[in-house]
Trainee: 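Following this message is one structure expressed as structure tokens.
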Amino acid sequence: MTVRTGRDVLGIPGPTTIPDEVLSAMHRPAIQIYTGELVEYTDSILRDLKGIFRTEGRAYIYASNGHGAWEAALTNVLSRGDRVLVLESGRFAHNWGEMARMLGVEIETLEGTWRHAVDPAAVEERLRADTEGRIKAILVVQIDTASGVVNDIPAIRAAIDAAGHDALFLVDTIASLACMPFEMDAWKIDVTVSAAQKGLMTPPGLGFVAANDKALAAHKTADLRTLYWDWTAREGELHYQKYCGTPPEHLLFGQRAALDILLGEGLENAWNRHRLLAGATHRAVETWAEGGAIEFNILDPQSRSASITAVLVGGGFDVAAIQAYCLDKCNVTVGGGIGDLKGKALRIAHMGYANAPMVLGMLASIDMALKALKIPHGPGAIQAAVDYLGENVPA
Ligand SMILES: *Cc1c(COP(=O)(O)O)cnc(C)c1O
């Protein structure tokens, strides 16, 4: 017995649901890459990305996933032997730091836990102790997709300023861009990294990096530069230099259509939509938690992210069985824990092209699974989520 025939619902924190308009825009023959239409695509995407990053700096598009964009950010501003401070709050900043280590950079980790955001006071203390200015850059993620935390980027910026430290500030917005407020210039972020397949609603394969003047100055002397990622090479006259080779043109067609959807909605409206869908998800999880087997991974409600909620399943209950029920019976793919949370958590994505029926349907499918598998949970979670939206989305 199942209730699964119907649209696939993808509830993992990336890749996310791709709008039909984006898929349709990609379904066309290849075009030439030197002049005309494709150059317009590049120019308009770069212009709109800068608007979404909220920067007057430079933006670059890579034929890569987010890991490629990480490498682009590191190699353009750092040199062998530089020290970087990694602000840990889950998995992703750590992995970015490991990438830097393999490039020949010295890594220092400001340890955190998987259940809390980065503590800005600890950042300030560490930077104050760096009297010789050894730390050249600071790496942090805005939303960590593994723990579900949102780090307070403006507060971390304020901590860097309070310490009077000159390090470059590099921020990963792969799971947060277009999902919550982000202000590259106002928050004095030197390098921002993102990718197409999460809040930006496009198939995986495009990485984005933005750089301000301070980053471009550091770039001049960075010795980790390689031709593929190099910003200077990408400023060349010829269109294909912007991609160090053939542009990933179908992804650009798709990304253009996705940006049209996003800007048609309005960036602030998209931020609000995510906040509301996260709020509904949090109500459901709070209610389930009354049963004792389920709890939020992130302890402070203020630090729970707008795009993904990580939910711990305790009491020896089987997370994989919940996921299997959701997929086999309801055709909903719910994310599982990764890293420290492997086998211990669900990761519920409310990211990108997601509306109330999609998120409520996913939550209701999880609720069905909890019932069917006899996992203790507070009753009325879906009603609580609906009530929250009814109260917060006025007629
Ligand atoms: C998904 C993600 C990445 C990795 O992106 P890929 O495209 O898988 O390489 C990095 N950082 C964060 C915060 C992410 O959510």
Side-chain angles (χ1 to χ4, degrees), residues 10-18 49 52-53 60-75 84 86-100 102-103 109 112 114 117-118 138-153 156 169-180 182 184 189 191-210 228-229 248 251 254-255 258 274 278 297-298 303-310 333 335-342 345 347-354:
L10 184 61
I12 62 172
T16 58
T17 301
I18 302 167
L49 278 174
I52 294 166
F53 281 130
Y60 303 91
I61 306 171
Y62 293 94
S64 79
N65 59 16
H67 281 70
W70 275 353
E71 186 157 321
L74 296 169
T75 55
V84 311
V86 173
L87 309 183
E88 194 182 38
S89 60
R91 179 188 180 102
F92 286 91
H94 169 82
N95 288 4
W96 194 8
E98 285 303 305
M99 177 181 268
M102 282 193 75
L103 289 166
T109 300
W114 278 59
V118 170
I138 297 164
L139 310 184
V140 70
V141 298
Q142 188 175 27
I143 290 178
D144 189 297
T145 326
S147 65
V149 84
V150 56
N151 288 312
D152 187 342
I153 302 298
I156 296 170
F169 192 27
L170 278 58
V171 181
D172 169 338
T173 64
I174 295 174
S176 57
L177 196 69
C179 305
M180 62 169 292
F182 181 76
M184 176 161 172
I189 292 159
V191 182
T192 307
V193 171
S194 202
Q197 79 273 19
K198 297 187 186 178
L200 297 178
M201 306 183 287
T202 300
L206 293 178
F208 305 117
V209 176
Y228 187 72
W229 305 116
L251 289 170
Q255 186 63 76
H274 282 83
N297 179 53
I298 297 303
S303 300
R304 293 175 190 150
S305 86
S307 60
I308 173 257
T309 301
T333 305
I338 57 173
D340 286 8
L341 301 188
K342 195 167 169 26
R347 290 185 307 150
I348 304 172
H350 26 85
M351 183 190 293
Y353 195 62

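As the structure lists them, so they are numbered: ligands from 1, and atoms in each ligand from 1.
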Trainee: Would you mind listing each N/O atom of ligand 1 next to any protein N/O under 3.5 Å, plus the distance?
Mentor:
residue: ligand 1; atom: 7 (O); partner: G66; partner atom: N; Å: 2.7
residue: ligand 1; atom: 7 (O); partner: Q197; partner atom: NE2; Å: 2.6
residue: ligand 1; atom: 9 (O); partner: N65; partner atom: OD1; Å: 3.4
residue: ligand 1; atom: 9 (O); partner: G66; partner atom: N; Å: 3.1
residue: ligand 1; atom: 9 (O); partner: H67; partner atom: N; Å: 2.8
residue: ligand 1; atom: 9 (O); partner: H67; partner atom: ND1; Å: 2.5
residue: ligand 1; atom: 11 (N); partner: D172; partner atom: OD2; Å: 2.7
residue: ligand 1; atom: 15 (O); partner: T145; partner atom: OG1; Å: 2.3
residue: ligand 1; atom: 15 (O); partner: K198; partner atom: NZ; Å: 2.6

Trainee: Between Y60 (side chain) and F208 (backbone), is there a donor-acceptor pair under 3.5 Å?
Mentor: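 Pair absent, no side-chain N/O of Y60 close to backbone of F208.
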Trainee: Give the intermediate values and the outcome of side chain to side chain donor-acceptor pair (under 3.5 Å) for residues T309 and H350.
Mentor: CA-CA 8 Å; T309 301; H350 26 85; 2.6 Å; yes
Trainee: Identify all side-chain donor-acceptor contacts of residues 191-205 below 3.5 Å with residues at least two apart in sequence or on another chain.
Mentor:
residue: S194; atom: OG; partner: T173; partner atom: O; Å: 3.3
residue: S194; atom: OG; partner: T173; partner atom: OG1; Å: 3.4
residue: T202; atom: OG1; partner: L200; partner atom: O; Å: 2.9
residue: T202; atom: OG1; partner: Q255; partner atom: OE1; Å: 3.3
residue: T202; atom: OG1; partner: Q255; partner atom: NE2; Å: 3.3

Trainee: Under 3.5 Å, is there a donor-acceptor pair between the side chain of H94 and the main chain of E88?
Mentor: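 Judged by distance alone, no pair lies under 3.5 Å.
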Trainee: Will you find, in the side chains of D172 and W70, an N or O donor that is under 3.5 Å from an N or O acceptor?
Mentor: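 There is such a pair between these side chains.
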Trainee: Any non-hydrogen side-chain atom of E98 less than 4.5 Å from a side-chain atom of V86?
Mentor: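 A side-chain contact under 4.5 Å is absent here.
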